[in-house]
Amino acid sequence: MGNALRFLCGGTTTGAAADSDQYLGHHGVSSATVGVSALAQDLYQFEINSQVPEGLKKHVVSSKKAQSNWYRKLSEAWRESKPPPKTPEEASRLVIQSLKRHQKADVEGLLTFYGLPLPHSLVELSSGGLPASRPEGLKFELQTLPVDAKAVADGDTVIVYVSTAEPREASSVPREVQISAVQRSKARAERNYTKADALQKKITDAGYRVLNIQNEEVLAKKYRIRLRGIDAPEGSMPYGKEAKEELTKILQGKCLRVLVFDQDRYGRCVGDIYCNGIFVQESMLKKGMVWHYKAYDKRPQLEQWEKEARAKRIGLWASSNPEMPWEWRKDRREGR
């Protein structure tokens with residue numbers, strides 16, 4: 001099948017996510033790319049033994065002979081794609097395109113089998129990345145270090161860290177933080193981990209943190225970011241968990257560009273987030289994960305993206321009457 005397919009399937013084993021809280025398809029998919037790797041593994045095995053996965057028949061309506069034909073087409077398409085699919089969305093599009101003349105029930109059954117997005121849930125995102133000109137009201141811009149999955153609080157809030165080597169940060173690091181960082185490094189070199197942990201706490205309490213990035217210690221400043229113009233369901237609300245998982249999938253391990261426009265009453269920076277050329281608020285709105293927060297943001301494109309998700313009835317819009325998170329919070333404050 002080629003190196004790309006071997007690489008993708010090399011680290012995948014059936015049931016690898018069996019201990020996870022979430023299950024999608026027969027492979028126990030729970031992370032962002034396990035379904036992609038599972039499909040790659042099965043295509044690789046098909047080229048060796050011409051056998052389709054045994055459990056597939058429970059999800060599709062066509063015969064095993066027809067299934068073999070699908071895997072032959074998918075194998076060829078995967079081999080010819082440059083680069084090969086890496087995300088669930090890319091894999092889903094390859095399946096849909098390769099099997100476009102086949103029954104809808106079979107295509108959707110195959111996608112479900114691997115936990116890949118169904119056709120109606122796929123969205124087209126704008127290209128072009130950051131705005132061409134400086135947006136009105138922009139206060140400053142942050143370029144972050146890679147985001148940890150645990151830093152995503154919910155579907156509209158994330159903690160990010162910015163290296164103090166960045167020009168904007170370098171001149172404002174408190175001297176006591178700089179000294180503590182040097183002392184911590186020495187304490188760790190001496191294996192005095194009790195002292196190192198105490199110094200790390202001192203650094204953290206000051207709003208900074210020493211992170212290990214590619215085996216190098218980096219002193220970084222902490223920022224809490226509230227995504228501008230959207231409002232996600234709270235964690236205990238319907239679709240609150242899904243919104244958080246989707247934002248985590250987009251941001252995890254990525255370096256972000258954050259355009260900061262304001263600060264809210266909780267001390268969070270209110271901003272637009274861009275990740276690998278993707279405008280994150282656009283993705284969250286089009287996938288039906290969040291509401292357009294019209295009370296605080298009047299941008300017409302955000303309203304349009306929400307309307308598109310509503311029309312497709314995806315995400316939280318699959319419900320006929322989803323509760324507005326700002327009304328939910330108001331009811332809780334008033335004890336209702």
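What's counted below: heavy atoms across the whole structure, side chains too, no hydrogens, waters or symmetry copies.
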Looking at [X] and [Y], what are the two nearest heavy atoms and their distance?
X    : Y    : value
Q143 : V162 : O-CG1, 3.6 Å
A196 : R188 : CB-CG, 3.5 Å
S121 : P117 : OG-CB, 3.6 Å
D148 : K150 : OD1-N, 2.7 Å
V61  : Q103 : CG2-OE1, 3.9 Å
W317 : G288 : CD1-CA, 3.8 Å

Within 45° of the six-membered ring axis of F261 and under 6.0 Å from that ring's centre, is NZ or CZ of R228 located there? yes
Residues [X], [Y]: salt bridge by 4.0 Å N-O rule:
X    : Y    : result
R329 : D231 : yes
R299 : E303 : no
R184 : E217 : yes
E246 : K241 : no
E190 : K186 : no
K249 : E242 : no
R79  : E47  : yes

Quick one: pull up [atom1] in [X] and [atom2] in [Y] and give me the separation to the nearest 0.5 Å.
X    : Y    : atom1 : atom2 : answer
C275 : K254 : SG    : NZ    : 5.0 Å
R93  : L122 : CZ    : CG    : 5.0 Å
K307 : L302 : NZ    : CG    : 12.5 Å
Q252 : E245 : CD    : CD    : 11.5 Å
L247 : S283 : CG    : OG    : 9.0 Å
T144 : I225 : OG1   : CD1   : 8.5 Å

More than 12 non-hydrogen atoms from neighbouring residues, nucleotides or ligands closer than 6.0 Å to [atom1] on [X], yes or no?
X    : atom1 : result
E216 : CD    : no
K312 : NZ    : yes
R209 : CZ    : no

Is any side-chain heavy atom of [X] less than 4.5 Å from a side-chain heavy atom of [Y]?
X    : Y    : answer
L110 : L74  : yes
L99  : K73  : yes
V107 : I96  : yes
L56  : Q67  : yes
E89  : L116 : no
L256 : Y274 : no
P119 : L111 : yes

Give a yes or no answer on whether the side chain of [X] reaches the backbone of [Y] with a donor-acceptor pair at less than 3.5 Å.
X    : Y    : value
H292 : Q301 : no
S68  : K64  : yes
S319 : L316 : no
K222 : V160 : no
T248 : K244 : yes
S185 : V182 : no
S98  : L94  : yes

Scan D156, D154, D264 and name whichever one has a salt bridge (charged side-chain N to carboxylate O under 4.0 Å, His left out) with R226. D156
When the ring planes of [X] and [Y] are compared, do they come out parallel, tilted or perpendicular, using 30° and 60° as the limits?
X    : Y    : value
W70  : H102 : perpendicular
Y114 : Y71  : tilted
F140 : Y223 : tilted

According to a hydrophobic-cluster definition based on side-chain heavy atoms being under 4.5 Å apart (Ile, Leu, Val, Met, Phe, Trp, Tyr only), do Y161 and I203 belong together? no
Is there a path of hydrophobic side-chain contacts, each under 4.5 Å between heavy atoms, that joins I273 and Y296? yes
side-chain contact (heavy atoms from CB on, under 4.5 Å) assessment of D42 paired with F46: CA-CA 6 Å; D42 287 344; F46 177 80; over 6 Å; no
Just do the salt bridge (charged side-chain N to carboxylate O under 4.0 Å, His left out) check on E141 and R134 with the steps written out, would you? CA-CA 11 Å; E141 179 180 333; R134 182 182 176 87; over 6 Å; no
With P325, the side chain to side chain contact (heavy atoms under 4.5 Å, CB included) member among Y239, Y293, W291: W291
Distance only, no hydrogens: is a donor on one side chain within 3.5 Å (strictly under) of an acceptor on the other, for R268 and T157? yes
Walk me through whether K57 and V52 qualify under side-chain contact (heavy atoms from CB on, under 4.5 Å). CA-CA 9 Å; K57 62 185 179 183; V52 300; over 6 Å; no
Residues K201, D197; criterion salt bridge (charged side-chain N to carboxylate O under 4.0 Å, His left out); working and verdict: CA-CA 6 Å; K201 184 179 186 304; D197 290 345; over 6 Å; no
